Amino acid sequence: QVQFVESGGGLVQPGGSLRLSCAASGSIFSIYAVYWYRQTPGKQRELVAGITRGDYTNYVESVKGRFTISRDNAKNTVYLRMNSLKPEDTAAYYCNAALTPTLARAGTLAANWGQGTQVTVSS
């Protein structure tokens with residue numbers, strides 16, 4: 001079973017930038033899609049961005065134009081570049097994956113949730 005370790009979070013001022021990393025325990029080459037989620041206390045986990053094996057990307061409306069998801073198959077790592085950060089982006093960020101298109105359509109994720117990485121946007 002694939003596992004992910006998230007890193008790169010921190011405290012940043014509004015308007016600042018961060019790059020999050022999601023390192024997989026094995027090869028991500030054959031994984032259909034990898035996703036970034038975020039969660040704040042008392043709220044459901046929200047899908048922020050996803051990238052498929054063919055580099056098709058999608059984003060939640062609130063981050064379009066500010067966040068960029070990318071994958072480096074050689075390093076088994078997926079990144080989330082976050083620019084123009086806002087206080088409402090404050091959350092714990094997690095990654096997960098869908099192994100095949102069928103599992104993606106079913107919403108079936110491949111990994112147990114990791115520790116996540118905390119992003120705090122505050123002046």
Side-chain angles (χ1 to χ4, degrees):
Q1 183 181 22
V2 65
Q3 296 296 325
F4 296 101
V5 176
E6 303 90 350
S7 63
L11 173 63
V12 63
Q13 292 187 340
S17 298
L18 283 173
R19 189 182 76 160
L20 306 184
S21 298
C22 167
S25 58
S27 174
I28 64 169
F29 179 77
S30 62
I31 292 177
Y32 171 67
V34 182
Y35 308 106
W36 278 100
Y37 291 81
R38 64 187 179 189
Q39 188 173 27
T40 54
K43 293 189 177 181
Q44 284 193 331
R45 196 169 273 132
E46 175 188 41
L47 177 61
V48 175
I51 185 167
T52 68
R53 192 165 49 219
D55 287 334
Y56 174 80
T57 59
N58 66 291
Y59 302 90
V60 68
E61 191 64 34
S62 61
V63 308
K64 284 182 179 178
R66 301 188 297 120
F67 290 12
T68 303
I69 188 171
S70 60
R71 60 193 288 169
D72 185 336
N73 291 335
K75 295 183 178 179
N76 297 321
T77 300
V78 174
Y79 303 99
L80 186 67
R81 177 68 180 181
M82 306 186 297
N83 295 328
S84 303
L85 282 162
K86 303 176 180 181
E88 51 263 45
D89 295 318
T90 295
Y93 283 72
Y94 304 85
C95 54
N96 215 312
L99 298 182
T100 69
T102 299
L103 291 173
R105 285 190 292 271
T108 301
L109 299 176
N112 295 321
W113 294 105
Q115 294 296 311
T117 187
Q118 178 67 37
V119 172
T120 303
V121 185
S122 175
S123 55

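Source: prediction; values computed, not measured.
- For the pair Thr117 and Ser7, the tightest heavy-atom approach, listed with the atom from each and the gap, is OG1-C, 3.8 Å.
- At a threshold of 4.5 Å between non-hydrogen side-chain atoms, the residues Ile69 and Phe67 do not count as touching.
- Taking Lys64 as the reference, Glu61 meet the salt bridge (charged side-chain N to carboxylate O under 4.0 Å, His left out) condition, with sequence neighbours excluded.
- Between Thr77 and Ile28, the shortest heavy-atom contact is N-CD1, 3.8 Å.
- A continuous path of ILVMFWY side-chain contacts below 4.5 Å connects Val2 to Val34, so both sit in one hydrophobic cluster.
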_Candidate pair Val12 and Ser17, rule side-chain contact (heavy atoms from CB on, under 4.5 Å), full reasoning_ = CA-CA 7 Å; Val12 63; Ser17 298; over 6 Å; no

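- The minimum heavy-atom distance between Leu80 and Ala49, with the atom names listed, is CD1-CB, 4.1 Å.
- Separating the CG atom in Asn112 from the CG atom in Asn96 is a distance of 8.5 Å, to the nearest 0.5 Å.
- The shortest distance between side-chain heavy atoms of Leu20 and Glu6 does not fall below 4.5 Å.
- Between Leu103 and Tyr32, every side-chain heavy-atom pair lies at or beyond the 4.5 Å cut-off.
- A side-chain donor from one of Arg38 and Tyr93 sits under 3.5 Å from a side-chain acceptor of the other.
- Heavy atoms of other residues, nucleotides or ligands lying less than 6.0 angstrom from CD of Glu88 number more than 12.
- Looking at Thr90, its side chain does come within 3.5 Å of a backbone N or O of Val121 through a donor-acceptor pair.
- In terms of modelled atom types and a separation under 3.5 Å, the side chain of Gln118 and the main chain of Gly9 share no donor-acceptor contact.
- If you chain together hydrophobic residues whose side chains sit under 4.5 Å apart, Val78 and Tyr59 fall into the same group.
- With rounding to the nearest 0.5 Å, the separation of OG in Ser27 from CG in Asn76 is 5.0 Å.
- Linking ILVMFWY side-chain heavy atoms closer than 4.5 Å, directly or via other members, places Trp36 and Leu85 in a single hydrophobic cluster.
- The heavy-atom pair separating Met82 from Val119 by the smallest distance is CE-CG2, 3.8 Å.
- If you take SG on Cys22 and CD1 on Ile51, they are separated by 11.5 Å, rounding to the nearest 0.5 Å.
- Taking OG1 from Thr68 and CZ from Arg19, the interatomic distance works out to 12.0 Å, rounded to the nearest 0.5 Å.
- When every heavy atom of Ala98 is checked against every heavy atom of Ile31, the shortest pair comes out as O-CG2, 3.6 Å.
- Grouping Ile, Leu, Val, Met, Phe, Trp and Tyr by side-chain contacts under 4.5 Å, direct or through others, puts Trp113 with Tyr35, Tyr37, Leu47, Tyr94, Leu109.
- Checking side-chain atoms of Gln39 against main-chain N and O of Ala91 turns up no donor-acceptor pair under 3.5 Å.
- Between atom OG1 of residue Thr40 and atom CZ of residue Arg45 there is a gap of 11.0 Å, rounded to the nearest 0.5 Å.
- Listed by chain and residue number, Asp89 satisfy the side-chain hydrogen bond (donor to acceptor under 3.5 Å, both in side chains) test with Arg66 (two or more places apart in sequence, or in another chain).
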